[in-house]
Number of protein chains: 2
Amino acid sequence: MAHSTITIRNVAERANVSTATVSRVLNNDPRVRSETKAVVLEAMESLGYKINFVARSLKTNRTHTIGVLAPDLSGDFFMFIAESMSRELTLRGYSIVVGTSRDSEEEEAKRLRHLAERLVDGVVLIPIGSSSAYLPQISALNIPIVFVDRGFVGYEADQVLVDNEGGAYEAVRALIREGHRRIGFLGGKPEVTTAGERFAGYRRAMEETGLEIEQRYVRFGHPTLPFGYRTMEEIVKDPDSPDTWFVVNLFAHLGATNYLVSEGGEMARRITFAAFDEMPYSPLLRYCRYAVQQPIAEMGKAAANLIIDRIEGKGPPGPQILRFKTRLIQHTLAR
Amino acid sequence: MAHSTITIRNVAERANVSTATVSRVLNNDPRVRSETKAVVLEAMESLGYKINFVARSLKTNRTHTIGVLAPDLSGDFFMFIAESMSRELTLRGYSIVVGTSRDSEEEEAKRLRHLAERLVDGVVLIPIGSSSAYLPQISALNIPIVFVDRGFVGYEADQVLVDNEGGAYEAVRALIREGHRRIGFLGGKPEVTTAGERFAGYRRAMEETGLEIEQRYVRFGHPTLPFGYRTMEEIVKDPDSPDTWFVVNLFAHLGATNYLVSEGGEMARRITFAAFDEMPYSPLLRYCRYAVQQPIAEMGKAAANLIIDRIEGKGPPGPQILRFKTRLIQHTLAR
DNA sequence: CTGTAGTATGTAAACGTATACATGAAGGCG
DNA sequence: CGCCTTCATGTATACGTTTACATACTACAG
């Protein structure tokens, strides 16, 4: 507002060239003679020229912005993904706009459409998960999408996933190896792919070693903090319940531990968990013997590169599914 | 790509009006007759018209996007701010693009400039903090900025802050009331406003009650997890060190607690903390007697509304400084 | 009836950039 | 020396909107 904006035209005048040449300099077009390039650059410098990205976007139909849509910005998992994606995207000259689906599929579809309609070149989606009813709508938008964390079976798209089955299997096997025999399952709805796969890993470990899965102690639910808290409350009240549990994610784990800490009874002292996710505060999760660590930073990086490659037409033709290995971490329980 | 994009012109043809009229409908201009409006809307519907925001932005010089720049996306504080801001901004029709300053002032200035240059209508900045060397550059960009969490003395700008002094004072007073006499200070560099103010609150509480501040046990540093860990390590090794500490933020607190948990010695059992911030995993911070809770969601909401009002020219003329009260939370220590 | 004000719409020029096409100069080659 | 290529640059249009200005029509006062 102080002074009216400086455009490519002003630069052109100052440098005694046409706007086309200035534009070519902006885009590093090799066809421009290095002397004139120098003149143009100097003109830009002295005028304090700044490119107008909006105008460029209008012309090129590219915003160099990618959308990231997650159930909840305040989840730890998401925030580490976002952190690593942000780093990678910035490096490659992209900006990142975020959105929240608030754990509602309707909202997810709405926000996705809003993002895709014009603002972004592609979107990275951490889906709510259970259904894919709105997916046809989305693919109609004809913009690259990369799914992270939760996949969709039968939907042809790029996906960045984790070896949920293997991670769960390893953890439960480790528990069994230490002598645990009765192991419950505390986790998400089986129709969500992550939860389903983790349950499969749990089951394989149990069946392979000839251990019985007690249906009463397989607790499915929306794996939030309150869910973990309430379920653990019930479990502790049940004198017959197992002492050992595999927990499907961080929130449920945290909720369960919070309950045990608040209750502090004798039962709590016997409980042992194995659980997905490892965070800075994991040392405080005092009943957790094994943590299944996901390579979150790598996943974010992979998602970022995948979406950009897609946008820039560099990727392989078919949909790409990346599945990362987990790492089992053993904690010492101070009892 | 399936079909070429549908523009205002196609709609105009279909509805037998001019593009101006279509545009007026898009902008809810009251001058258009309701009948023709209906015709236009129907034409849009049947053609599946979607407005091109980029083109609109070029014309109006507004992107309806605001930037959020934070030291680190993966901090809990930031993520709750972002969550609440995102909610509010979406409500008011804005998108949010995020950036990271990676705890480097140079990077902060760079990203800020990049954001401001053309992409966003305004930016919400959670500053690195210590200096404001680059601020003149920024205000030259002539785009509204709201500072959150950390303020700048002597810089005329909207700020959303917390009553750091009062919060710290209250917490330390509460400790003293319970009989604690020797209380150390574990915290950030005093030149960062938040840390400085919190130290002031600590000092006031100590001086008011005639207690001595032992300089040896006032530990300043960049309050990260490793800082808390290492410092606590030193403290525990010092047999003369106090048992009670006021901790300036979550990261330092977490680091300190992580050390104590890993060490598990006798000293740990005697330690008592009062500390800023309250998070879902706070119940696990087992040496924390008092937590100073910041109204993070309200702050995010306030920041969002402040920046939008500024952009839309609705706010009061002078710079606005909002200072939120903290809430003291008492935890029961299970020993 | 003329003049004026108001209302609904159209015309056309921007916004700042990218790019297809045209142009002109220089060089190579038969 | 004429022709074709290559290279560096210019000309002019398009991207999809918004909006100042012009226009046409109606209504109503004088």
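Convention: sequence-line order gives letters A, B, ...; per-chain numbering from 1.
- Spacing between atom CZ of Arg56(A) and atom C1' of dA14(D) amounts to 17 Å, rounded to whole angstrom units.
- At least one side-chain nitrogen or oxygen of Thr36(A) sits closer than 4.0 Å to the OP1 or OP2 atom of dT9(D).
- Look at CG on Asn52(A): it is 13 Å from C1' on dA18(C), rounded to the nearest Å.
- The phosphate of dG10(C) has OP1 or OP2 within less than 4.0 Å of a side-chain N or O from Ser18(B).
- Residue Ser23(B) is in base contact, counting any heavy-atom pair closer than 4.0 Å across all strands shown.
- Asn16(B) comes within contact range of the sugar-phosphate backbone alone, with a heavy-atom separation under 4.0 Å but no base atom that close.
- Between Arg62(A) atom CZ and dC15(D) atom C1' the separation is 15 Å, expressed in whole Å.
- Using a 4.0 Å heavy-atom distance criterion, Phe53(B) is classed as making no nucleic acid contact.
- Each of dT9(D), dG16(C), dA20(D) was ranked by its minimum atom distance to the side chain of Thr21(A); first place goes to dT9(D).
- Among the protein residues, Val17(B) comes within range of the sugar-phosphate backbone only, with heavy atoms under 4.0 Å from sugar or phosphate atoms but none that close to a base.
- Between Asn27(A) and dA18(C), a side-chain N or O to OP1/OP2 separation shorter than 4.0 Å is present.
- Lys50(B) comes within contact range of the sugar-phosphate backbone alone, with a heavy-atom separation under 4.0 Å but no base atom that close.
- Within the structure, every side-chain polar atom (N or O) of Thr7(A) is placed at least 4.0 Å from both OP1 and OP2 of dC15(C).
- Between dT18(D) and Arg24(B), no contact under 4.0 Å exists linking OP1 or OP2 to a side-chain N or O.
- Using a 3.5 Å distance cut-off with no hydrogens or angles, the side chains of Ser46(A) and Arg14(A) do pair a donor with an acceptor.
- If you check dT9(C), dG16(D), dT17(C) against the side chain of Lys59(A), the one that comes closest is dT17(C).
- Atoms CD and CZ, on Glu83(A) and Arg102(B) in that order, are 4.5 Å from each other to the nearest 0.5 Å.
- The distance from atom CG of Asp29(A) to atom C1' of dA8(D) is 10 Å, rounded to the nearest whole Å.
- The interatomic distance linking Ile6(B) (CD1) with dT17(D) (P) rounds to 11 Å, in whole Å.
- Here dT11(C) is the nucleotide among dT11(C), dA12(D), dT17(C) with the atom lying nearest to any side-chain atom of Ala20(B).
- The phosphate of dG16(C) (OP1 or OP2) has a side-chain N or O of Thr5(A) nearer than 4.0 angstrom.
- Using a 4.0 Å heavy-atom distance criterion, Ser57(B) is classed as making no nucleic acid contact.
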